[in-house]
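Note sheet for the following structure.
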Amino acid sequence: MTVTSPDTAARAAGLLSRPVAINGLTVPNRIAMAPMTRMFSPGGVPGEDVVSYYSRRAAAGVGLIVTEGTYVGHDSAGLSDRVPRFHGEEQLAGWAKVAEAVHAAGGTIVPQLWHIGMVREQGQAPYPQAPAVGPSGVRTDGTEGRGEAMTQADIDDVVAAFARAAADAERIGFDGVELHGAHGYLIDQFLWSRTNRRTDAYGGDPVARTKFAAEVVAAVRAAVSPQFPVIFRYSQWKQDAYDARLAETPQELEAILAPLAAAGVDAFHASTRRYWIPEFEDSDLNLAGWTKKLTGRPAITVGSVGLNGEFLEAFQGRGAELGGLDDLLDRMERDEFDLVAVGRALLQDPNWAAKVLDGRFDELVPYDAASLTSLS
Ligand SMILES: Cc1cc2nc3c(=O)[nH]c(=O)nc-3n(C[C@H](O)[C@H](O)[C@H](O)COP(=O)(O)O)c2cc1C
């Protein structure tokens with residue numbers, strides 16, 4: 001953070017502590033925790049340490065927690081036995097405790113439902129016998145050969161797995177769900193032309209490439225109550241292709257987002273690595289800003305909020321202009337987006353949200369990657 005003035009503190013408190021509605025849910029303030037894979041759930045079961053990791057952040061002012069990606073119930077969904085699963089009795093019992101504790105701390109929480117598609121090799125846990133599957137059996141680097149193109153039956157199975165997970169989320173006390181459609185994982189593999197080479201109804205132009213995602217959204221929508229929020233996270237960038245783009249123009253973006261909104265998305269989470277970068281020419285709007293403008297749905301922004309310049313230089317190999325708190329607040333004032341998700345700054349400091357809401361900027365601590373090594 002670059003700012004310590006009393007004016008900024010008052011503005012931050014005023015703008016960030018307003019409640020906001022996503023369908024039937026009222027989030028108590030504008031600060032969300034970004035989903036972050038932690039791999040601290042042996043056997044896919046979130047334990048007591050995971051319960052306190054999330055509830056500590058809810059108690060310290062995070063309004064909406066989006067959990068780390070958690071695998072839907074399909075054998076090909078994941079690649080680690082330490083990533084929590086959102087299926088199985090023990091796993092869901094663990095998650096129910098997480099939701100209960102976050103509520104007791106005054107927060108709201110949605111699980112991020114995840115299928116990684118071709119970002120796995122056959123032989124990886126938790127289901128080593130399962131093949132890697134994706135729209136065309138093509139990896140995100142464009143290589144072919146060790147995966148399978150999904151049949152219609154595979155597609156129907158995975159869509160059903162997302163719907164089951166969403167129904168379970170509502171049943172065990174979560175406040176909504178977020179579908180992981182970002183960063184080059186399964187849903188995004190359908191959206192992206194590099195990984196989707198299908199010639200059937202699921203491939204071709206951007207609208208056809210959106211068909212799988214829209215089917216997931218519609219199935220999830222049908223599996224939960226009408227007021228239960230369905231959030232869709234998407235990105236232009238991919239885990240191993242930072243420059244990738246799904247849409248070069250607002251029109252192309254609208255072609256992707258409109259069918260998703262029509263299928264029942266209540267809010268979009270537009271994942272960018274630096275929130276202050278304009279998405280298209282001739283406008284300051286970032287990806288979340290465009291998403292809100294094009295769909296009329298609430299939007300969550302994310303990307304390097306609360307990280308300092310040294311961090312960006314050291315870890316991204318270049319100097320980057322810092323999006324300071326004033327810039328963030330200006331954008332909120334203009335209604336560019338509705339919530340701001342914070343990732344690494346909240347890993348580093350469970351009390352980040354409370355400090356920002358209280359104007360205690362001098363107590364913020366710089367991010368250190370060592371925070372990844374424990375669930376503190
Ligand atoms: C350790 C780590 C794990 C992550 N895991 C996920 C994930 O499971 N799902 C997801 O959508 N994004 C994931 N991300 C991306 C974050 O949600 C977020 O978009 C990114 O860190 C940028 O926000 P930040 O600059 O505030 O950290 C992860 C990021 C980090 C640092």
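Side chains included, hydrogens not; waters and symmetry mates left out as well; all remaining heavy atoms used. For ligands, and for the atoms within them, numbers begin at 1 and follow the listed sequence.
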Quiz item: Taking the side chain from Q122 and the backbone from Q129, do they hold a donor-acceptor pair closer than 3.5 Å?
Solution: yes
Quiz prompt | atom 9 (N) of ligand 1 - nearest protein heavy atom and its distance | solution = Q112 OE1, 2.8 Å
Quiz prompt | Nearest protein heavy atom with distance in Å, relative to atom 26 (O) of ligand 1 | solution = G343 N, 2.8 Å
Exercise. Among all protein heavy atoms, pick the one closest to atom 30 (C) of ligand 1 and tell me residue, atom and distance.
Key: M36 CG, 3.8 Å
Quiz prompt | Check: A165 main-chain N/O paired with D168 side-chain donor or acceptor under 3.5 Å | solution = no
Quiz item: Nearest to atom 3 (C) of ligand 1, what protein heavy atom do you find, and at what distance?
Solution: T37 N, 3.3 Å
Quiz item: Using heavy atoms and a threshold below 4.0 Å, how should the contact between H183 and ligand 1 be classified: side chain, backbone, both, or neither?
Solution: side chain
Exercise. Please work out which of R273, M39, Q348, R233 has its closest non-hydrogen atom nearest to atom 19 (O) of ligand 1.
Key: R233
Exercise. Report, in ascending order of atom number, the atoms of ligand 1 lying under 4.0 Å from any heavy atom of A34.
Key: 17 (O)
Quiz prompt | Any donor-acceptor pair under 3.5 Å from Q189 side chain to G184 backbone | solution = yes
Exercise. State if G303 counts as touching ligand 1 under the rule of any non-hydrogen atom under 4.0 Å.
Key: yes
Quiz item: Do R85 and Y127 meet the cation-pi criteria used here (NZ or CZ under 6.0 Å from the six-membered ring centre, within 45° of the axis)?
Solution: yes
Quiz item: In terms of residue, atom name and distance, what is the protein heavy atom nearest to atom 20 (C) of ligand 1?
Solution: V302 CG2, 4.9 Å
Quiz item: Judging by distance only, is a nitrogen or oxygen of H180 under 3.5 angstrom from one on ligand 1?
Solution: yes
Quiz item: For ligand 1, which atoms have a heavy atom of G69 less than 4.0 angstrom away?
Solution: 8 (O)
Self-check item: Listed once per pair and sorted, the salt bridge (charged side-chain N to carboxylate O under 4.0 Å, His left out) pairs that draw on residues 253-268, sequence neighbours left out
Solution: R221-D266
Self-check item: Sidechain N-carboxylate O distance under 4.0 Å for K97, E100
Solution: no
Quiz item: Quick one: nearest non-hydrogen protein atom to atom 6 (C) of ligand 1, plus distance?
Solution: P35 O, 3.1 Å
Self-check item: Any A345 heavy atom less than 4.0 Å from ligand 1
Solution: no
Exercise. Count the heavy atoms belonging to other residues, nucleotides or ligands that lie under 6.0 Å from CG of D243, then report whether that count exceeds 12.
Key: no
Quiz item: Would you call R11 and E333 a salt bridge, taking side-chain N to carboxylate O under 4.0 Å as the test?
Solution: yes
Practice problem: Verify side-chain contact (heavy atoms from CB on, under 4.5 Å) between L64 and I109, making sure each step is shown before the conclusion. | Solution: CA-CA 6 Å; L64 173 67; I109 181 164; 5.9 Å; no
Self-check item: Enumerated ligand 1 atoms positioned under 4.0 Å from heavy atoms of S304
Solution: 24 (P), 25 (O), 26 (O)
Quiz item: Of the protein's non-hydrogen atoms, which lies at the shortest distance from atom 21 (O) of ligand 1, and what is that distance?
Solution: R344 NE, 4.1 Å
Self-check item: atom 1 (C) of ligand 1: the protein heavy-atom neighbour that sits closest, reported with distance to 0.1 Å
Solution: L372 CD2, 3.5 Å
Quiz item: Would you say the side-chain atoms of K355 pair up with the backbone N or O of E363, donor to acceptor, closer than 3.5 Å?
Solution: yes
